[in-house]
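Everything quoted here is computed from the prediction, not taken from an experiment.
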Amino acid sequence: MTHTAVGTEAHPFPGERPVTDAVVREHNLNAREYAEIVAMLGRTPTLTELGIFSALWSEHCSYKHTKPILKTFPTEGPQVVQGPGENAGVLRLPEGWAVAFKIESHNHPSAVEPYQGAATGVGGILRDVFTMGARPVAVLNSLRLGPLDEPRNRYLFSGIVRGVGHYGNCVGVPTLGGEVAFAPGYSGNPLVNAMCVGLLRETDLMRAKAHGVGNVLLAMGSRTGRDGIHGASFASEELSEKSEARRPQVQVGDPFTEKLLLEATLELIELGLTVGIQDMGAAGLTSSSAEMAARGGVGVELDTSLVPTREAGMTPYEIMLSESQERMLVVAEPHRVPAIQAVCAKWELTATPVGRVTDDGIFRIVHNGTTVAAIPGERLVDGCPIYYPEARESPVAVARRSAVPSGPPAADALGALPLLLADPTIASKRWVFEQYDSTVQAETVLGPGGDAGVVRVPGTTFGLAVTVDCNQRYVTLDPYEGGKAAVAEAARNIACTGAVPLGITDCLNFGNPDKPEIFFQFREACRGIADACRAFGTPVTGGNVSLYNESPTGAIDPTPTIGMVGLLADVSHRVPSHFQAPGDQIVLLGTSAGHLGGSSYWEVLHRLVGGAPPPIDLDAERKLQRLLAAAAERRLLRSAHDCSDGGVAVALAEAVMGAPYATGTLAAKVRFANPARLTPEALLYGEDGARALVTTLPGQVSELMTLAAEHGVPAEAIGRVEGPGTLEVHLADSHLTFAWPVAELRHGYFDSIPRRMTEETR
């Protein structure tokens, strides 16, 4: 005979379905999990309780397959104010300032409804940041889709970009950067990762923690509707032919309400009117109330009949699981409620008392006087079973890492550069970022299109550099080296602006963790991320795990996206990524070993994603970061651009074509000594790490070379920036000269994506 725990009696809501084995399966709970729920409650759960468990014990909310791995990340450091476990991580800045930042995925909603899926992804990440008391100052995004020669992918790409742009533009937050990549593995499952960066005074930090028995819970912002129900569980299952039917469950965003909510929230925090605030994000009212209570070690009682709804007749189940956008849950002392409501009214919003903090530790839901859910709160949040999946690399992956091209390339070394520059993954993303407002708020110092965005901290001389990065080819071929490479590239991009890397947030996009080869990818990529972060002193402050990114065509390429912030001590020292003027001297920092495994060259010219990716020398990367920051501080750099996809040849072309020269584009003439006797293909297109292409004034070359030697970074003066004309590369050892008219390179580079997107998108 079972006995119900004291205080956990609950009754089914009139008319709701009884909980059967079939209903349990619908809620994506397995036999073990359901048995633990019954044991915890001492009875059969009500449907409302089952829905609550389904949401909070989903992979998206519980991290039940990944928590042990995530605990291996370095999360502490002198700059850390708030690490993982809150809505966003927070790092310390000079003069009492702090930066809050976070990246999250909105992959599955964007796969079935690209515009709203992407838009609400931006809305959610904005709320994660301003609930910390930070004003959002930058948005970034990482997008991955299937090849643009497929109409469905063009449709998804167009809708996703419009959704990202419209939401951010309307709220008035600049989009400072991002990345876009295309590969066949994303055709059935695009990735939409949104990052937000906000600024706050460290003393104004607000945490999402409920405490104070008798304190009031208020639903603030938009009314609750039926959109987004089971959004968290949808994010925790594989996509299938049936997923299109989930379109009505995708949340619908309203950026104008978001702007009002942002201003009201920051005013409430500034006035000290709240005890805690949390966004009603994944799992809506369920996760926000349960997680705040668990952090505070208290119980909560919610009356769903008091929650303002958009539709009549909504059940407690629907109200608790709705993911309607632009909503916050506020915890406040009772006597503060009128003042809170007055602030909300000023911003044309409502704040409605819907519950209270209790002392019994129970998560209790009442509707019209009937208790429909009563669950031990701490066990609800932390009691999900933890799984330890088998991790084993597949023979296919091992074979792929040893693969080499089997035939001739699609073009010789001369013809390869135009092909690489026209590849959509490398080609200019101007078509994308021109749809985004990158200068609103008037603090943008370096906008999109370069290595990293830079924004000034208002009223100061310092700024933040921000970027998102991942090379999914590297992770596919060698997850450990690929994880290291993602952090290393992000840090190089930050350092190229002159900033010092501070910390990261990560969005870990993988397939089904129950498959040993997928969990191997996850485990090893995380090991690489952790090792790189320790080496660079860039702690992990939080992030998001997005699993089950699979469709009938298979799993996505493993994609651990790294969002990084860095401190630029003086924004007047910022370094652009593009060449500035004729006569500037070009210097290559780092060692060229001609590594072509996993390269864009092999992918584009040989149609092969194979071979071992370049090994990441963390010590060399750290030395390069420090050199770039020191050189920027001494004003030795006119430009700096990291060498990544496509190697030094692509880096040269990008630096030339992006140059803001008054009479037209620039050109360059360079000469490589090539002491290692690399083949032209390896020298030009090899993707070795720890390298950057920089320019300096003629009279400063010697000082830069001396500084590089002091930092232990190899440096080679390779040429000079020229007026409009030809990009010319001479290989001294072979007496070969390659020359590309820059106008022709520009045509392929800038027209690649627009040309494809003018085709029919349905």
Completion exercise
Output for pair (L420 CG, L605 CG), nearest 0.5 Å, gives 5.5 Å
Fill in the blank from the handout: In terms of heavy-atom contacts, G597 and W602 come closest through CA-CZ3, 3.8 Å
Handout entry: Side chain to side chain, Y749 and V742, heavy atoms closer than 4.5 Å
Key = no
Problem - Shortest non-hydrogen contact between L568 and T497, atoms and distance - result: CD1-O, 3.9 Å
Practice task
Would you check if the side chain of K102 reaches a backbone N or O of V197 as a donor-acceptor pair within less than 3.5 Å?
Solution key: no
Problem - Side-chain donor-acceptor pair present, T696, Q585, cut-off under 3.5 Å - result: no
Exercise for the section: Give the intermediate values and the outcome of side-chain hydrogen bond (donor to acceptor under 3.5 Å, both in side chains) for residues S428 and R746. Expected result: CA-CA 9 Å; S428 170; R746 286 178 60 86; over 6 Å; no
Practice task
Say whether R473 and S599, considering side chains only, have a donor N or O and an acceptor N or O under 3.5 Å apart.
Solution key: no
Problem - Side chain to side chain, L567 and V99, heavy atoms closer than 4.5 Å - result: no
Practice task
Please tell me if the side chains of L618 and I616 come closer than 4.5 Å, counting only heavy atoms from C-beta onward.
Solution key: yes
Problem - Min side-chain heavy-atom separation T175-F433 under 4.5 Å - result: no
Problem - side-chain contact (heavy atoms from CB on, under 4.5 Å) between T559 and N193, worked out - result: CA-CA 10 Å; T559 312; N193 296 174; 5.6 Å; no
Handout entry: Close side-chain approach of L464 and F101, heavy atoms under 4.5 Å
Key = no
Exercise for the section: Answer yes or no: is there a side-chain heavy-atom contact under 4.5 Å between P458 and E443? Expected result: yes
Exercise for the section: Kindly say whether A739 contributes a backbone atom to a donor-acceptor pair with the side chain of T726 at under 3.5 angstrom? Expected result: no
Exercise for the section: For the pair Q441 (side chain) and P136 (backbone), establish whether a donor and an acceptor sit closer than 3.5 Å, ignoring hydrogens and angles. Expected result: yes
Exercise for the section: For the residue pair S592 and V648, establish whether any side-chain heavy-atom pair is separated by less than 4.5 Å. Expected result: no
Problem - N493 (side chain) donor-acceptor with V468 (main chain) under 3.5 angstrom - result: no
Exercise for the section: Over all heavy atoms of both residues, which pair between S644 and R492 is shortest? Give the atoms and the distance, please. Expected result: CB-NH2, 4.4 Å
Handout entry: Crowding at CZ, R622 (>12 non-hydrogen neighbours, <6.0 Å)
Key = yes
Problem - Polar side chain donor-acceptor pair, H578 to S639, under 3.5 angstrom - result: no
Fill in the blank from the handout: Given the options R720, E722, R638, D584 meets side-chain contact (heavy atoms from CB on, under 4.5 Å) only with R638
Exercise for the section: Show the numbers, then the answer: is there a side-chain contact (heavy atoms from CB on, under 4.5 Å) between E621 and D617? Expected result: CA-CA 6 Å; E621 295 281 1; D617 183 335; 5.6 Å; no
Problem - Side-chain donor/acceptor of D751 to backbone N/O of R755, under 3.5 Å - result: no
Practice task
Check the angle between the aromatic planes of Y601 and H606 and answer parallel, tilted or perpendicular using the 30° and 60° thresholds.
Solution key: perpendicular
Completion exercise
Rounded to the nearest 0.5 angstrom, the OG1-CD1 distance for T75 and I504 is 11.5 Å
Exercise for the section: To the nearest 0.5 angstrom, please state how far the CG atom of L589 sits from the CG atom of L624. Expected result: 6.0 Å
Problem - Any donor-acceptor N/O pair, D451 side chain to D642 backbone, under 3.5 Å - result: yes
Exercise for the section: Mind checking the OG1-CE spacing from T541 to M564? Nearest 0.5 Å is all I need. Expected result: 10.5 Å
Handout entry: Gap between atom CZ of R400 and atom CG of L608 - 0.5 Å precision
Key = 10.0 Å
Problem - N141 side-chain N/O to G178 backbone N/O, donor-acceptor pair under 3.5 Å - result: no
Practice task
Answer yes or no: is there a donor N or O on one side and an acceptor on the other, between the side chain of E687 and the main chain of S600, under 3.5 Å?
Solution key: yes
Handout entry: L199 and R135: CA distance, side-chain angles, deciding distance, side-chain contact (heavy atoms from CB on, under 4.5 Å) verdict
Key = CA-CA 5 Å; L199 291 169; R135 178 171 293 278; 5.7 Å; no
Problem - Neighbour count >12 (heavy atoms, 6.0 Å) for atom CD, Q79 - result: yes
Practice task
Show the numbers, then the answer: is there a side-chain contact (heavy atoms from CB on, under 4.5 Å) between E481 and Y474?
Solution key: CA-CA 7 Å; E481 290 295 339; Y474 294 176; over 6 Å; no
Completion exercise
For V137 and V173, the nearest pair of non-hydrogen atoms, with its separation, is C-CG1, 3.9 Å
Handout entry: Residue pair I125 / I103, side-chain heavy-atom distance below 4.5 Å
Key = no
Exercise for the section: Answer yes or no: is there a donor N or O on one side and an acceptor on the other, between the side chain of H595 and the main chain of A612, under 3.5 Å? Expected result: yes
Handout entry: Flag if over 12 foreign heavy atoms under 6.0 Å of NE2, H747
Key = no
Handout entry: R671 CZ to E716 CD distance, which is reported to the nearest 0.5 Å
Key = 8.5 Å
Practice task
Using modelled atom types only, decide if a donor and an acceptor are shared between the side chain of Y436 and the backbone of L140 within a distance under 3.5 Å.
Solution key: no
Problem - Any side-chain donor near an acceptor of the partner, S752 and R756, under 3.5 Å - result: yes
Practice task
Please report the shortest heavy-atom distance between N471 and D645, naming the atom on each side.
Solution key: ND2-OD1, 3.2 Å
Handout entry: Nearest heavy atoms of F182 and T425, plus distance in Å
Key = N-OG1, 3.0 Å
